[in-house]
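Positions are given from 1, in the same order as the sequence printed here.
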Amino acid sequence: MYVTHLAVEQIIQAFLAILFAFFSIFITLILFFYFSRKKIVKVEVEKKSLEVEYQKSILQSIIATQEEERKRIAQDLHDDISSKLNIVSLNTHLLRTPNLSES
């Protein structure tokens, strides 16, 4: 069997065409997986970012509520102590009053 020079060139061209097709498909698949993975990572990052923002807003709400409660308790304590100090002041004033009877 004699294979002519033309047949060998056709076999080489067919082999190169098939090799080029496989290489093209391989590159296409790699690019597809790269960009799809990139998109998935971007979505995950955005999701985590939203979770962080939500947690920040909850934390800020909790801190604001705690501060309001602290102010309320401080005000209650201040008012309670102020009224007791006023009573003590009135009683000391009465004790200093001359000619004061027990009744």
To the nearest 0.5 Å, what is the distance between NZ (K47) and CD (E44)?
7.5 Å

T28 side, atom OG1; I30 side, atom CD1 - distance, nearest 0.5 Å:
9.5 Å

Can you find a pair of side-chain heavy atoms, one from Q60 and one from I63, that are under 4.5 Å apart?
no

Contact between E51 and K48 at the side-chain level, heavy atoms closer than 4.5 Å - yes or no?
yes

Can you tell me how far apart NZ (K39) and CZ (R37) are? Round to the nearest 0.5 Å.
14.0 Å

Taking Y34 as the starting point, is it possible to reach F23 by hopping between hydrophobic residues whose side chains are less than 4.5 Å apart?
yes

Working to the nearest 0.5 angstrom, can you tell me the gap between I12 CD1 and Q10 CD?
11.0 Å

Side-chain ion pair, K71 and E68, N-O less than 4.0 Å
no

Atom CD1 in I40, atom CZ in F35: separation rounded to 0.5 Å?
14.0 Å

Can you tell me if S49 uses its side chain to pair, donor with acceptor, with the backbone of V45 under 3.5 Å?
no

If I take atom OG from residue S83 and atom NE2 from residue H78, how far apart are they, to the nearest 0.5 angstrom?
10.5 Å

